[in-house]
Amino acid sequence: MATRYAQIIVDVPTMQTNRPYTYALPADLQGQVQPGMRVIVPFGHRQVMGFVVALTDKSDVAAEELKEVTTSLDLEPVLSPELVQLSAELAEDIFAFRITILQSMLPNSLKADYQQRLKLEKADLSDDIRVEYLEGQQERDVKLSKFTPKQWRQLKQLAAEGWLSIEPIIANRGRIKKQRAYQLSADSEFLEEAAGQLRANAKQQKHLLDFILENQGQTFTKKELQEMADFSTATLQAGVKKGWLQATDVELLRRPAGTAIESGQQWHQLNPEQEAAYEAVIGAAHAQTYQPFLLEGITGSGKTEVYLQAAAEVLKSGKTVLFLVPEIALTPQMLERVRARFGNKTAVLHSGLSEGERYDEWRRTERGDVQVVVGARSAVFAPLTNLGLIIVDEEHETSYQQADNPRYNARDVALWRAAYHDIPVILGSATPSLESRSRAQKGVYQHLMLTKRAGGAELPKVEIVDMKESMADQPDTNFSTSLRNKIQARLDRKEQMVLLLNRRGYSSFVMCRDCGFVPRDPNCNLAMTLHMDTHTLKCHYCGYQEPIPQICPACGSKRIRYYGTGTQKAEAELMDLFPSARVIRIDQDTTRKKGSLAKALQRFGQGEADILLGTQMVAKGLDFPDVTLVGVLNADTSLGLPDFHAAERTFQLLTQVAGRAGRHEAKGEVVIQTFNPEHYAITYAQKHDYEGFYRQEMAIRHAGQYPPYFYTVQIQMSAPEENQVALQAAQVGRWLKKRIPNNVIQLGPSPQPIAKLKNRYYFQILLKLKDDHEMDGFLHELADRAQKAKNGLQLNVIRNPLSFM
DNA sequence: AGCACGCCGACT
DNA sequence: GTCGGCGTGCTC
């Protein structure tokens, strides 16, 4: 088939260019360029990178208007036909630019790096210009942002006059790490002959020849050769000269640290419930049918064992497995468990990797060296072909939806990919999202239940402490009498504890007792959080910080007090109450450094501390056998958020953290401190009753016309000027109102709960729809029009947002 | 995103 | 008269 034209998505993320452009393929690229490859094309007045998304043999653009593809960046496609197709549908679905999706499917190392190569052409160019632009060199590569437009104008002028040349350079950002290697000759005759001719005292060379004869035809890196036989560089070079071996470069794959690569660890016997779940999944896998399963299993019921055994079975048939976990649960413990089963066949893709490591893991996957990919959100685009099973652990986690553009939800992408490959997908959770649970109810997903804890361990007893009473008795402490006693008992028995406080920092805000002044940050207008270690007030949204005021800036009073409690303050109080206790604190502030979280958890796991105190991080995916007490210092933080998800999030968090206690022989106990002891999210968590919570919350969602009874679309608008957004949001609101059918509910425009962020003001309109896509046409039109809006207005359309902050 | 085209103010 | 300010529109 003649493939003279290529449809190309260019690397220009704007509304107007969000479609394929047709290019002619020069003769030498025909048959070479394939869909899924990156190419360089002339676009407007410059060269840009683009993705080939299709090849055609005729064009609907007049031939004289067509330009030719300049060159190809790849010899093999970097994206499979599956991912190319996915990019189109996903872009449409989440109102994102297709180029942005295509880029996020690849590791950063494969992103185009645009540079300009400046080259001196006439030696007598004036010195100050040479210093300014070339740093005195003959040739220099610089990014466009290196100089101002005015400087570029001058450079172009100089180029036009022939002083220097400017040539665009587009390259991959990442470099493949190469290492010197040697391929040994396989010509026995030639080698024997060479051996015969050696001088008697050429010991080293004799040694080398013997080695080559033993390992004919194989390739070793230089490092390997030197480790095995201690050949000197000179000896090897002599060998190369004589043709005994050949020097080449091999790709060096950087392996992330922490690899116990011993596959085939002992498998656990499945209990009847696990067995049933396993069989259902395997049945669908063998039948090669698309089937989503909701695996609802209480904490400690052995969901992971079901995942791993189903995965193993699928691997046996030669297919591959994609295993998604929330970033926060991607702990060394978890990876260890997977690697122990699948060893070298595993690739890990997560944000803790360096760019190079990430690229290498991606390439191992792409080349077919691995059969299992474990990773967080972005791993859903792993270049696995021949998929046999997809697993989404903790499917309710909101971190599966990316917080900024493109706002894809990895769980939904996983479902898409499973449908594409006609394979099963397991959505697992102890506390499924209402959306998934209700789909299971309707039979869209097959519902699988695990109701028993592995090894017969019991669910921990949960005590609720009313903090209104505790505070009345002893207003100065965050630790109720009950919790204090239980902590002391654990310390006496040398058992471990986990304490959850869902707020980092020292206290939540600072207020003047006399005039009520609360310091707010100038960018977001939010109350700032106190950080005692650095003696600053910080905004947790934009990172702004300033020193703690000694006197009130508003009234001059010295009576400035701290309200609310963060992890820092709780830690201080803990040390005060239990001076002998060894405490490890984990939150964003203590674990910012790569690997520090892993280290902290490892220390706790080895019993180097009694108490693990932290934010949400302590609730997810950790499994420490010796933890017999879990304390939630304040269960209300997430309950009070202005978001209809608040109860769901609170219930999920409490259930999860409660599950950390008594996972093994030791019996566990949980204490939940709260100002809302009667709230159903808390009482159902106390009873470990997901189904009860589900029924009640569904009734509330039904009454309020919220998901999962309705789909939602959030139209988010922002601008640097408050009255500008307000004005334009009102305009958008009127525009929509005229167009929505009467079964669609429109709320707003209204200021967002966090109305100012990073010097921009936010407004939103919320649409509630029965049919997810019925407004798509208007919404695309709206996004298109907004692009042309003035006064710095930005408009985002967010389908089914998981948070309204 | 760039860059040209095009229409109004302060300068050799 | 012209240089250059940045609003508008297009890129196969």
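Below, chain A is the first sequence line, B the second, and so on; all start at residue 1.
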**Request:** Return the value, rounded to whole Å, for the distance between atom CG of D11(A) and atom P of dC12(C).
**Result:** 15 Å

**Request:** Using whole Å, report how far CD1 of I99(A) lies from C1' of dC12(C).
**Result:** 15 Å

**Request:** Mind calculating the distance between CD (Q7(A)) and P (dC12(C)) to the nearest angstrom?
**Result:** 14 Å

**Prompt:** Can you check the Q47(A) CD to dC3(B) C1' distance for me, whole Å?
**Reply:** 15 Å

**Fill in**
One should read off an interatomic distance between L769(A) CG and L779(A) CG, to the nearest 0.5 angstrom, of 8.0 Å

**Complete:** Between the CD atom in E395(A) and the CG atom in L415(A), the distance rounded to the nearest 0.5 Å is 9.0 Å

**Message:** Taking the six-membered ring of W735(A) as reference, does the cationic atom of R739(A) (NZ for Lys, CZ for Arg) lie under 6.0 Å from its centre and within 45° of its axis?
**Reply:** yes

**Asked** Base, sugar-phosphate alone, or nothing: which one does P42(A) contact when heavy atoms must sit under 4.0 Å apart?
**Response** sugar-phosphate

**Request:** Describe, in one word, how the ring planes of H780(A) and F95(A) are oriented to each other, choosing from parallel (under 30°), tilted (30 to 60°) and perpendicular (over 60°).
**Result:** tilted

**Item:** Nearest-0.5 Å distance, CE of residue M717(A) to CD1 of residue I765(A)
**Value:** 4.0 Å

**Request:** Round to the nearest Å and state the distance from R19(A) atom CZ to dC12(C) atom P.
**Result:** 10 Å

**Euclidean distance, atom CD of residue Q16(A) to atom C1' of dA1(B) [Å, nearest integer]** = 10 Å

**Prompt:** Taking the side chain of V12(A) as its heavy atoms from C-beta onward, which of dC12(C), dA1(B), dA4(B) lies nearest to it?
**Reply:** dA1(B)

**Item:** Row check, F43(A) ring normal vs R46(A) NZ/CZ: under 6.0 Å, within 45°
**Value:** no

**Message:** Output the rounded distance in Å from NE2 (H45(A)) to P (dG9(C)).
**Reply:** 16 Å

**Prompt:** Is the distance between the ring centroids of Y5(A) and Y23(A) less than 6.0 Å?
**Reply:** no

**Item:** Which nucleotide in dT11(C), dC3(B), dC12(C) has an atom nearest any side-chain atom of V61(A)
**Value:** dC12(C)

**Fill in**
When rounded to whole Å, the CG to P distance for the pair N18(A) and dT11(C) reads 16 Å

**Asked** Among residues 21-28 of chain A, which contact DNA chain C at a heavy-atom distance under 4.0 Å?
**Response** Y21(A), T22(A), Y23(A)

